[in-house]
Protein chains: 2
Amino acid sequence: MTKKAGHAGVKKATSPGLRGRIWIDGEEGTFLGYGRIILLERIREHGSITRAAKSMEMSYRHAWELVDSMNRQSARPFVELATGGKGGGGARLTTDGEKAVRFFWKFYGDFQGFLDKEKKVLDKFMNDKEKT
Amino acid sequence: MTKKAGHAGVKKATSPGLRGRIWIDGEEGTFLGYGRIILLERIREHGSITRAAKSMEMSYRHAWELVDSMNRQSARPFVELATGGKGGGGARLTTDGEKAVRFFWKFYGDFQGFLDKEKKVLDKFMNDKEKT
DNA sequence: TATCGTAATATACCAAAGGGAATAACGAAA
DNA sequence: TTTCGTTATTCCCTTTGGTATATTACGATA
């Protein structure tokens, strides 16, 4: 049995390791998180929720709900939706959406740095314990 | 309807805020996390899994599983269990358990500091966005 | 006006996690 | 040897988050 990762991109380690998740809360709960950011990037890449969802093995329904949630919680939408028209419509990342993506990755990078730093403390702690 | 907090101690904020969870992974997945640490403290306080679980509105079954998981994943058990005997038995935090608790709170405190620091970056970002 | 692939929405279904309750096992002390 | 409250274990139920599927709405373009 292959153990399924609990959350997008978060894999299991072989031995004691520091893990964490970070996100930004809005009025309705989660506003921005790792999975949502990936989704935004896929939308930018594919131009539609349908294909973006497919590309990351997410159901369209779930993807649409995430996009809707982000659009509702941000002052201006992150994703511009078009229904009907050429190609049946589509989805486009707005400049606000772009900014959100960039901001989150900065945040995320800082967090990874934090974890790396703390990892050393953990290793030291584990050594001390062994010696007891 | 009152929205239930997603996880122990993690409350909802009124406006955009940074949130996160950290934990330590072991061979079987989660090894140490916020809820497990609270549980260890309650066990130290009450001397039994039963009363510890009750004190934090957790089912005995769940609490036992968490304790068992921690004991299996640590070189030496964090909780010493006694079945039968005076008072029917009980649970006692070992010195390794004590150390784990202290270590986690240090880790946790650092993380809170990290979030506070990043919060300022977020606020700045939000202002910039408004001005656009 | 007919077409096309998408957004938008509703319904049914599924699986995992956890809760609750019931019961057996246990062993020191009276 | 009986008692006692706990650990240990099992079974069933509910909840929950998500998938799968089906249907409707849409509107630029040919």
Side-chain angles (χ1 to χ4, degrees), chain A residues 1-8 10 21 23 28-30 33-36 38-40 42-72 77-94 97, chain B residues 1-8 21 23 28-30 33 35-36 38-40 42-72 77-94 97:
Chain A
M1 161 207 175
T2 301
K3 181 146 190 162
K4 190 179 157 192
H7 274 283
V10 179
R21 298 186 64 231
W23 67 92
E28 313 179 0
T30 302
Y34 184 90
R36 291 172 184 233
I38 297 291
L39 177 59
L40 291 182
R42 298 300 177 98
I43 286 173
R44 174 177 51 195
E45 184 183 349
H46 290 102
S48 84
I49 294 181
T50 298
R51 288 197 298 274
K54 229 163 238 163
S55 81
M56 56 191 294
E57 307 181 318
M58 181 182 283
S59 68
Y60 169 84
R61 183 173 177 264
H62 188 43
W64 181 87
E65 282 171 349
L66 294 183
V67 168
D68 194 49
S69 164
M70 287 186 278
N71 278 347
R72 270 184 288 108
F78 283 176
V79 179
E80 215 173 55
L81 286 320
T83 168
K86 168 175 182 175
R92 189 191 131 267
L93 202 56
T94 67
Chain B
M1 162 208 178
T2 302
K3 181 146 192 157
K4 190 180 162 193
H7 274 283
R21 300 186 62 232
W23 67 93
E28 313 181 359
T30 301
R36 291 172 185 232
I38 297 290
L39 177 59
L40 291 182
R42 298 299 177 98
I43 286 173
R44 174 177 52 195
E45 184 183 350
H46 291 101
S48 85
I49 295 181
T50 298
R51 287 198 298 275
K54 227 163 239 163
S55 82
M56 56 190 294
E57 306 180 320
M58 182 182 281
S59 68
Y60 169 84
R61 184 174 175 266
H62 189 44
W64 182 87
E65 282 171 348
L66 294 182
V67 168
D68 193 51
S69 163
M70 286 186 279
N71 277 349
R72 273 184 287 110
F78 284 176
V79 179
E80 215 172 55
L81 287 319
T83 167
K86 169 175 182 177
R92 189 191 130 266
L93 202 55
T94 67

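Here is the naming used below: chain letters follow the sequence lines, and residue numbers restart at 1 for every chain.
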Practice problem: Let me know the distance between CG of B:Asp68 and P of D:dT7, rounded to the nearest Å. | Solution: 13 Å
Practice problem: Figure out the CG/P separation between B:Leu39 and C:dG18, and round it to whole Å. | Solution: 14 Å
Quiz prompt | Test side chain to side chain donor-acceptor pair (under 3.5 Å) applied to A:Ser55 - qualifying residues, sequence neighbours left out | solution = A:Arg42
Quiz item: Does B:Glu45 have any side chain to side chain donor-acceptor pair (under 3.5 Å) partners at least two apart in sequence or in another chain, and if so, which?
Solution: none
Quiz item: Does B:Ser48 reach the main-chain N or O of B:Ala91 with its side chain, forming a donor-acceptor pair under 3.5 Å?
Solution: no
Quiz prompt | Residue whose closest nucleotide on DNA chain C lies nearer the 5' end, A:Trp64 versus A:Gly88 | solution = A:Gly88
Quiz prompt | Candidate nucleotides D:dT19, D:dT7, C:dT9, ranked by approach to the side chain of A:Met58 - the nearest | solution = D:dT19
Exercise. Tell me, please, which residues at least two apart from B:Arg51 pass side chain to side chain donor-acceptor pair (under 3.5 Å).
Key: none
Practice problem: Determine the minimum heavy-atom distance between A:Phe78 and A:Leu93, stating which atoms define it. | Solution: O-CD1, 3.4 Å
Taking only N/O atoms, report every protein-nucleotides 28-30 of chain C pair under 3.5 Å with atom names and distance.
none

Quiz prompt | Flag for A:Ser69-A:Arg36: side-chain donor and acceptor within less than 3.5 Å | solution = yes
Quiz item: In terms of side-chain heavy atoms of B:Ser59, which of D:dT6, C:dG19, D:dA8 is nearest?
Solution: C:dG19
Self-check item: Interatomic distance, A:Arg72 CZ vs C:dA8 C1' [rounded to whole Å]
Solution: 13 Å
Self-check item: Distance-only donor-acceptor test (3.5 Å): side chain A:Tyr60, base D:dA20
Solution: no
Practice problem: Quick one: pull up OG1 in B:Thr94 and CG in B:Asn71 and give me the separation to the nearest 0.5 Å. | Solution: 7.5 Å
Self-check item: Spacing of A:Arg61 atom CZ relative to D:dT21 atom C1', expressed in whole Å
Solution: 11 Å
Quiz item: When you check the phosphate oxygens OP1 and OP2 of C:dG5, does a side-chain N or O of A:Thr50 lie under 4.0 Å from one of them?
Solution: no
Quiz item: Whole-Å distance between C:dT6 P and A:Ile43 CD1?
Solution: 13 Å
Exercise. Taking side chain to side chain donor-acceptor pair (under 3.5 Å) as the test, write out the residues that go with A:Arg61, two or more places apart.
Key: none
Self-check item: Distance in angstrom units between A:His62 NE2 and D:dT16 P, rounded
Solution: 17 Å
Quiz item: Base, sugar-phosphate alone, or nothing: which one does B:Ser48 contact when heavy atoms must sit under 4.0 Å apart?
Solution: sugar-phosphate
Practice problem: For B:Glu65 and D:dT9, give me the distance from atom CD to atom P, rounded to whole Å. | Solution: 11 Å
Practice problem: Report the C-alpha separation of A:Leu39 and A:Met56 in whole Å, then their side-chain angles, then the decisive distance to 0.1 Å, and conclude whether the side chain to side chain contact (heavy atoms under 4.5 Å, CB included) test is met. | Solution: CA-CA 8 Å; A:Leu39 177 59; A:Met56 56 191 294; 4.0 Å; yes
Quiz item: Rounded to the Å, how far apart are A:Glu57 CD and D:dA20 C1'?
Solution: 15 Å
Name the pairs: protein N/O against N/O of nucleotides 13-16 of chain C, kept only if under 3.5 Å.
none

